[in-house]
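The analysis underlying the following values was restricted to heavy atoms, covering all of them including side chains, and did not include hydrogens, waters or symmetry mates. Residue numbers start from 1 in every chain, and the chains themselves are labelled A, B, ... in the order their sequence lines are given, proteins ahead of strands.
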Amino acid sequence: AAEAHSKNIATVVKIAGIQWFNRMEEGVNKFAEETGMNAFQVGPAQADPQQQVALIEDMIAQGVDALAVVPMSPEALEPVLGRAMEAGIAVITHEAAAQQNTAYDLEAFVNEDFGANLMEQLATCMGGEGEYAVFVGSLTSQTHNQWVDGAIAHQEANYPNMTLVGDKNETFDDAEQAYTKAQEVLRAFPNIKGMQGSASTDVAGIGRAIEERGMEDATCVFGTSLPSIAGQYLETGAVDGIGFWDPAVAGEAMNKLAVMVMNGEEVTDGMDLGLPGYESISLDGKVIYGQAWVNVNADNMADYPF
Amino acid sequence: MTDHASTKTITSAPEFRLLIIAVFVFGLMSVLSPDRFLSAQNLTSMAFQFPEFAILALAMTITMLTGGIDLSVVGVANLSAVVAAIILTQFADPAMPASQSVIWLSFAIAAALCIGALAGLVNGCLVAFFGLPPILATLGSGLVFTGFAIAMTGGSAVMGFPDTVAVIGNAQVLGIPVPLILFALLAIVLHLILTRTAFGLRVTMFGANPLAALYAAIDINRMLIKVYVIAGLFSSVAGLIIMSRANSAKADYGSSYLLLAVLIAVLGGVNPYGGYGRVIGVVLAVLSMQFLSSGLNMLQVSNFARELIWGALLILVMVINTHAVTALRGSFAKTPK
Amino acid sequence: MTGWLPKDFWTRNETLVAGVIALFCIIATLSDPRFFTITTVSDLLRASIVIGILAVGAMLVLVSGGIDVSFTAIAVFAMYSSTVLFLAIWPDAPWPLIFAVSVAFGAFLGAFNGFFIAFLGLPTLIVTLGTLSIFRGFLLTFIGSQRISDLPPDMRDFSRGVLARGTTEAGNFYSIPWAALALVFVIVLTWFILKKTMLGRSIYAIGGSVESARRIGINVKWTQFFVYVYVGALAGLAGIIHGSVGRMADPFSLVGLELSVIAAVVLGGARLIGGYGTLTGTLLGVALIVIVQNSLIVVGIPTTWQSVTIGILILLGTGVPAYRAKRAAARAG
Amino acid sequence: MSSDHDTAFIDLRAITKRYAGVTALDSVDFTVQPGEAVCLAGENGSGKSTLIKIISGVEPATEGTVRIAGKERPYLNPRISAAAGVMVIFQDFSLFPNLSVAENIAFATQLSTHERFFKSRATREIARKALDRIGVEIDLDARVETLPVAQKQLVAICRALASQAQLIIMDEPTTALTEKEVRRLQGIIRMLKDEGVAVIFVSHKLAEVLEVSEKVVVLRNGKKVAEGPATDFDTQSLTYHMTGRDVPEVPPSEVMAGAETLMHVESLTKEGSFADISFDLKTGEVLGITGLLGSGRTSVAKALFGLVAPDAGSITVEGKPVPTGDPQAASMARIGYVPEDRLTEGLFLSQSILRNVAIGRLDAHTSGGFLNMAGLVDEASDWLKRLKVKAPDVEAPVQSLSGGNQQRVALARWLSRAPRVLVLNGPSVGVDVGSKADIHDIIRDLASQGIGIIVISDDLPELLATCHRILVMRDGRIIDELDGRSVTEDDLAHRLAS
Ligand SMILES: Nc1ncnc2c1ncn2[C@@H]1O[C@H](COP(=O)(O)OP(=O)(O)OP(=O)(O)O)[C@@H](O)[C@H]1O
Ligand SMILES: Nc1ncnc2c1ncn2[C@@H]1O[C@H](COP(=O)(O)OP(=O)(O)OP(=O)(O)O)[C@@H](O)[C@H]1O
Ligand SMILES: [Mg+2]
Ligand SMILES: [Mg+2]
C-alpha cells in the first residue's frame with residue numbers, strides 16, 4: 001500500500017500547451033487526485049520527435065516508475081522506450097498501434113474505423129455522390145494517413161458515385177495552410193462537394209474558405225477537431241460535423257493501465273476499464289482498442305467545452 | 001612578460017567566460033537537484049542526448065567562419081539517414097547474422113556520407129560558382145534535400161533495421177556512449193583542421209576579408225566547396241546518429257535542431273560574419289545548453305521557459321563579450337613606433 | 001528605343017521576378033485554363049496580405065544593413081497578448097482599438113531589438129535570434145499556449161468585412177477583404193518614409209555605410225532604433241490581421257516563416273549587405289512565393305514534391321541575379 | 001599669441017587624446033584663422049586624422065578644450081560641428097556607395113539645414129552647383145559604387161563644397177587624383193580662401209602642401225614639433241621635422257647589362273579598358289606604368305595578376321605562357337601583386353601580422369597535411385625583420401600598425417614567396433615620407449637581386465626614384481616609353497598631361 005502512493009508516473013505528450021493535451025492533463029490530474037499518486041504530464045516545446053526522445057531520456061534519468069507516452073513519431077521512440085523498459089519502467093503508449101517497446105498501446109478506436117465513421121457522415125451529407133478531397137496534417141503522420149485511408153476504403157466499398165480528387169493535401173497542422181490549400185482545392189475543382197480533415201486545425205481552415213465563398217450549404221465538411229477550434233464554423237454550417245475522442249479519458253486510461261502493469265494485473269479482451277468508451281475493450285496483441293469516438297455537430301457541441 | 005600576456009589572453013577570451021557559464025550552470029543544477037542531476041544515470045543520459053545537435057553545430061561553425069551559414073544541415077542529415085535506411089531495409093534482413101549485417105551497415109554508412117558530401121558539394125557550388133548568398137542557397141537547398149527525403153519515403157518513416165545499427169546511437173564503449181565518442185572525434189578533427197592546417201587558416205582569413213583573400217591568390221572556390229562538403233559530411237554523421245537513436249529514418253526528424261545549432265554556434269563565440277570562432281567555445285556552449293536543458297527538465301520547468309532562457313543567455317553573453325571587447329580594444333593597439 | 005524605361009531595366013531583379021511570375025502564370029494557365037481567373041487573383045491577394053506586410057518590414061531592416069529574424073515572434077506575441085488582454089478586460093472592444101494595442105505591443109518589442117542593436121551595438125542577427133526565442137518563450141510560458149477561437153466579436157466582424165465580393169458572370173467567385181487596405185496603407189506609408197523623408201534616406205545611407213553616416217552627422221542610433229520599432233509595429237499589425245482574418249489566436253503560428261519572408265525580399269532585389277531594396281521588388285518577391293506556394297495543385301505537382309519545387313524556385317530566383325552580378329563584377333574587374 | 005586665439009575660427013588648447021593604451025595626441029595647441037590655409041604634416045600615425053576627428057566631433061578629446069567660432073564646445077558631435085560650419089573630406093571619402101552622386105553631395109547640407117523631407121529637385125540643384133564650382137562633369141544619377149576611385153574623391157570634395165562651410169578639412173584629398181586634378185583642387189583652395197573659408201590640408205605630397213598653405217603644423221608621435229608660415233619650410237626641412245632625420249632619395253642604379261627578358265606581355269586587350277598592351281620586363285628591371293585618371297593602368301595591373309580577364313593577348317614569364325584571368329595561375333608563375341588599397345584589398349585587418357604574412361606560404365610549410373607552425377613563425381618573423389616592420393608582437397592584429405608598416409606587411413607576404421615579377425600598385429599611397437624612402441630602398445634592393453618589378457603610380461618623384469623605364473598610358477593604350485634615368489619630372493608631367 002505504501003508503495004502504491006509513492007509511484008511517479010510521467011505522461012509524455014507530443015507537444016506542451018495546446019488544448020488537446022491540456023485536456024489530457026485534466027484527466028491525468030484527476031487520476032492523480034483520485035489515487036494520490038505522483039502523476040504528472042510533460043511535453044516538448046516544439047513538435048519534433050527528437051525533443052520528445054530527449055525528454056523521455058530525462059524522465060528515465062530522474063527515475064520515474066511508469067511512462068505514459070503519446071509518441072510524436074512511434075518509430076523514433078523505440079530505442080528510448082526499450083531502454084525505459086530495460087530499466088524496469090512500465091511503459092504505456094497511446095496512438096501508436098505499431099509500437100514494439102510498450103507494455104500496452106491504448107487506442108481510442110481502430111483508426112480505419114474512425115476514418116470510415118467520418119466518411120459515412122460525409123457520404124450521407126453528400127447524398128452518396130460527387131467529388132471530395134482529403135486533408136492530412138502531415139504526410140508523415142501515421143494516424144492521419146490511417147484515418148484518411150480508412151475513409152477512402154469505406155467510400156470505395158460503399159459509395160461508387162463519389163470520387164476522390166487530388167492527392168492527400170498536407171496542411172502542416174496549421175489553420176492558415178489548411179485555408180490556402182482549401183482555396184486552391186476549390187479553385188482547381190469547382191464542383192467539389194465534400195472535404196474531410198485530419199489535423200484539428202484542418203476543418204477550421206477549410207470552414208473559413210467555405211464561409212468566405214458562401215458555400216456553407218453547398219458543401220459538406222467533416223474532420224477530426226475539437227469544439228473549441230471548430231465551434232464557430234459548426235455554428236454557421238461551414239463545417240458540418242467533427243469527430244474526436246476525449247483526451248482526458250485517454251490520459252486517465254493510460255495512467256490506469258500503467259498502474260495495472262506495475263501491479264502485475266492482466267489486461268483481457270472485453271475488460272471494462274471503468275471509463276466512458278472503454279467499457280468493453282478489445283485486445284489485439286499488445287494493442288487495446290476502445291470505442292471512444294465522439295461525433296459532434298452544431299446540436300451537441302455545448303456538451304464538450306474544450 | 002609572456003607569462004603575464006598569455007594568462008591575460010586566456011582569461012579575456014570569450015571562451016573563458018563560456019567556461020565559467022558552463023561550470024556555473026552545472027554547479028547550480030547540482031545544488032538544486034543534487035541526487036538526480038549528479039546521478040550516473042543522468043550524466044550518461046545527457047551524453048547520449050547532445051551529440052547529434054552538437055555535431056550539427058560544428059557543421060554550422062565551419063560555414064560561419066567563412067561568413068556563411070548552412071541552413072540545410074537538418075535536411076542533409078535526414079536525407080543521408082533516409083538513404084542509409086533504405087539500403088538497410090532493402091538489403092539487410094533484421095534476422096540476418098551480425099557479421100553479414102555489418103557489411104551492409106558499412107555500405108549504408110558509406111552511402112550516407114557520400115550523400116552528405118554530395119549535398120555539401122551542391123551547397124558549395126551554389127555559393128562559390130553562382131555567388132548565391134549562403135543563407136539563401138542553403139535555405140533553398142535544404143528544402144530540396146528535405147523534399148527528396150519526403151519523395152523517397154512518401155513521407156513516412158523507414159524502419160526495420162538489423163540490431164547492429166543500434167551501435168552507432170545507443171551503445172557504450174568502456175562506459176562512454178558511442179555518440180559522445182563520435183562527437184569528440186569530430187570536434188577534435190575540426191579543431192585540428194581549423195588551427196593546424198593551411199586550409200583552416202585560409203577559412204578564417206577568408207572570413208575576415210574575402211576581397212583580400214582573392215588578392216592573396218587563395219583558391220576561394222575550392223576552399224568554399226571544401227567547407228560546405230565538410231559541413232555536409234558532419235551533417236550526415238549527425239543523421240546517422242539520429243537514425244540509430246530513433247531506429248528509423250524520416251524526413252522531418254530533428255526539425256528543431258536547426259535554430260538550436262545556429263544558437264549554439266553563436267553562443268560559442270563564433271562570429272556569424274566570419275573570421276573568428278573556436279571549437280572549444282562551441283563545445284562549452286553545447287555543454288551549457290545541455291546542463292541547462294536537462295536540469296530544467298528535472299525541476300519540471302516548462303519547456304517553453306527553456307527557450308526563453310536560451311535566448312536570454314545568448315544576448316547576455318553577447319552583451320558581456322561586446323563590452324569586454326570595447327574595454328580591451330586598446331590593449332591590442334600598442335604603439336607602433 | 002526604350003527611352004522611357006530606366007537604364008538598368010533589363011538587368012534589374014524586379015524585371016526578372018516579374019518575368020518568372022509571367023512565365024509561371026502561362027504554364028499554369030496552359031495546364032489548367034481555370035488558373036487565369038479573378039478567383040485566383042483574389043485568393044492570392046488575400047494570401048499575400050500578412051506576408052506582404054511582414055516583407056515590407058523585413059525589407060526595411062535589410063536596407064538599413066541589418067537582418068531581423070524575430071519579426072514573426074513579435075507578430076504572434078502582439079496578436080496573442082492583445083487578444084488575451086481584451087478577452088479579459090473588454091471583449092466587446094471595437095477592432096480598431098484592439099489593432100492599435102497590438103501595433104503598440106509590436107512596437108514595444110521592436111524597441112527591445114532596437115535597444116540592443118542601436119544602443120548596445122550588438123550584431124543584428126544574434127540579437128534577433130535571441131529575441132526570437134525570448135519573445136516566443138515568454139509568450140508560451142507566461143501568457144498562454146492555447147489556441148483561442150472565441151475571439152472578441154469585433155475581430156470576427158473585421159474578418160467578415162469585405163471591400164468587394166461577388167461572382168462574375170462566368171461564375172468566378174471573388175472577395176477582397178478590408179485587410180487588403182492595411183497592406184495598401186503600409187505600402188504607401190513606407191514608400192513615403194523611404195522616398196520622401198530624410199529619415200528614409202538616412203536608412204538607405206546607414207545601409208550603404210554606417211561609418212560614413214555617422215561622420216556626416218546622421219543620427220545613426222536613433223535611425224536604427226526607429227527601423228526596429230517600425231518593423232515591430234508592422235509585425236504587430238500583420239499579427240493581429242493574421243489572427244482576426246484566420247479567426248483564431250494561435251500562439252504557434254507564423255514562427256518559422258521568417259526565412260521564407262526574407263527569401264521573398266531578397267528575391268525582389270534587396271541585398272543582405274544592406275543599402276539596397278525597393279518596395280516594388282519586395283512585393284514582386286512576395287507575389288512570386290505566394291503564387292507558387294498556392295498553385296502547385298493546379299499545375300499538377302504532387303504534394304510529395306512541393307518542397308523540392310519551392311526550394312528550386314528560391315535557388316533559381318536568387319541564383320540567376322547572383323550569378324549575373326558575379327559575372328558582371330568579373331567582367332568589370 | 002593670445003590675439004591668435006581670440007580671432008581664431010578653430011581654437012584647440014592642450015588637446016590630448018588617448019585610446020586605451022595609445023596616446024594619439026599629446027597636449028596639442030592648434031588654431032585656424034578664418035580664410036587661412038593650414039597644412040597639417042606628419043608621418044603615418046602621428047595623429048593627423050585624430051586631430052581632424054576631434055575638430056569634426058567624430059571622437060571626443062580626452063583632455064583639453066575645443067572652441068569653434070569663439071564658442072567653447074564641451075560636447076561635440078558631427079552634427080553640431082557641421083552646423084558650426086566645419087566640413088570634412090575624410091581620408092576614406094566616407095561616401096554612400098548605394099546612393100546617387102547627387103544625394104551623396106547634398107546629404108550633409110540637407111542634414112545641416114534640418115530638412116525633414118527629401119526633395120529630389122533641390123538635391124540635384126545643390127549637387128549641380130557644387131560640381132560646377134570645380135568644373136567637373138559627373139552623372140548626377142550614377143550610383144557612387146560605379147564610379148572610379150578618382151571620381152569618388154571628387155564627389156567627396158563636392159560634398160564638402162556644397163555646404164556653407166567656414167572650414168573645410170581635407171584629409172589626404174589628393175591620393176587618388178592625378179596631377180591635373182590636383183592643380184584644379186589647388187585652384188579651388190585658393191578660391192575658397194578668397195571667399196574667407198579656412199582650409200586644413202593633410203597630404204604626404206610635400207610639394208603640393210607647401211604650394212597652397214600659409215601655415216604649416218608638423219606633428220610627430222602625437223606632439224606638435226613645428227609650426228610656422230609655409231615660406232619658412234621647404235621639402236627638405238619639412239621632411240626633417242616630420243621624421244627627425246634627413247631622407248635623401250637616390251636614383252636607381254643601372255640594369256645589369258645583358259639582363260634576360262623575364263616577362264613578355266603581348267597585345268593584351270580588354271574591351272573598354274585597355275588595348276594592345278605589349279612590353280618586356282628584364283630581370284632586375286623596375287618598370288613604371290603611369291597615366292591619368294581612367295587611363296587603364298589599374299586594369300592592366302590587375303590583368304597581369306589575373307584579377308581581370310583580358311579579351312585577347314598573352315603573358316609569358318621566363319618563356320612559359322601564363323593563363324590569363326586566374327590569380328592562382330599568376331601566383332604559380334611567381335607573379336606577385338600588392339594592391340592599391342591595402343585596407344580592403346591587401347590585408348586581413350583583424351588577423352595577426354604573422355598570419356597576414358604567412359597566408360602566402362602555407363603550402364610550403366605543410367607536411368603530412370599539417371602546418372609546421374614553428375617554421376611558419378620563423379620565416380614570417382624573418383621577413384618582418386628584413387623589411388624593418390615595427391611591431392611589438394607578431395600576434396598583434398595588423399590593424400594596430402601604422403600605414404607604412406602595414407604596407408611592409410603586404411610586401412612581406414609576397415616577398416616570402418620569392419616572386420620573379422612583382423607588381424606594385426601605388427606602393428607608397430598614404431605612406432609617410434620616412435617609410436616611403438624605405439620602401440623605395442626595398443624596391444631598388446629587390447631589383448638588384450634580379451626580381452622584375454612593375455610600379456604603377458602617378459607619384460612622379462616616386463617613379464623617377466625607382467624606375468629604369470616608364471610607360472605612359474592614355475585611353476587604355478601605351479603612348480610613350482621613357483628612360484627613367486634621363487627623363488626629368490617636368491618632362492614627365494608634360495607628357496602625362498598633353
Ligand atoms: N580607434 C583607435 N583605437 C586605438 N588607437 C587608435 C585609434 N585610432 C587611431 N589610433 C592610433 O592613434 C595614432 C594616430 O593615428 P592617426 O590616424 O591620427 O594617424 P595619421 O597621422 O592620420 O596617420 P596616416 O597618415 O596613416 O593617416 C596611431 O598610433 C593609431 O594607431
Ligand atoms: N568593363 C568595362 N566596361 C566599360 N568601361 C570600362 C570597363 N572597365 C573599365 N572601364 C573604363 O575604362 C577606363 C580605364 O579604367 P581603369 O580602372 O583601368 O583606369 P585607371 O587609370 O587604372 O584608374 P586609376 O586612376 O584608379 O588607377 C575607365 O574609364 C573605366 O571607367
Ligand atoms: Mg455545409
Ligand atoms: Mg590619417
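Across all non-hydrogen atoms, the minimal contact from B:Ser39 to A:Ala61 is OG-O, 4.1 Å. Residues A:Ser73 and B:Lys250 share a closest heavy-atom pair of OG-NZ, 3.2 Å. Between A:Ala76 and B:Tyr253, the shortest heavy-atom distance links the atoms CB-OH, 3.3 Å.
Looking at A:Pro44, only its backbone comes within 4.5 Å of chain B, counting heavy atoms on both sides. Contacts of B:Thr44 with chain A are absent, with no heavy-atom separation under 4.5 Å from either backbone or side chain. Using a 4.5 Å cut-off between heavy atoms, B:Ser294 touches chain A through backbone and side chain atoms alike.
Within the 4.5 Å cutoff, side-chain heavy atoms of B:Arg245 are placed close to those of A:Glu57. A heavy-atom distance below 4.5 Å is found between the side chains of B:Asn42 and A:Asp58.
In this structure, OG on B:Ser248 lies 8.0 Å from CD on A:Glu78, to the nearest 0.5 angstrom. Put simply, CE on A:Met72 and CG on B:Asp252 are 6.5 Å apart, with the number rounded to the nearest 0.5 Å. Between the CD atom in A:Gln51 and the CZ atom in B:Phe53 there is a gap of 8.5 Å [rounded to 0.5 Å].
In terms of the side chain to side chain donor-acceptor pair (under 3.5 Å) criterion, A:Ser200 has no residue partners (sequence neighbours excluded).
Sorted by first then second residue, the ring-ring contact (aromatic ring centres under 6.0 Å, His included) pairs that include residues 14-66 of chain A, not counting sequence neighbours, are A:Trp20-A:Trp245.
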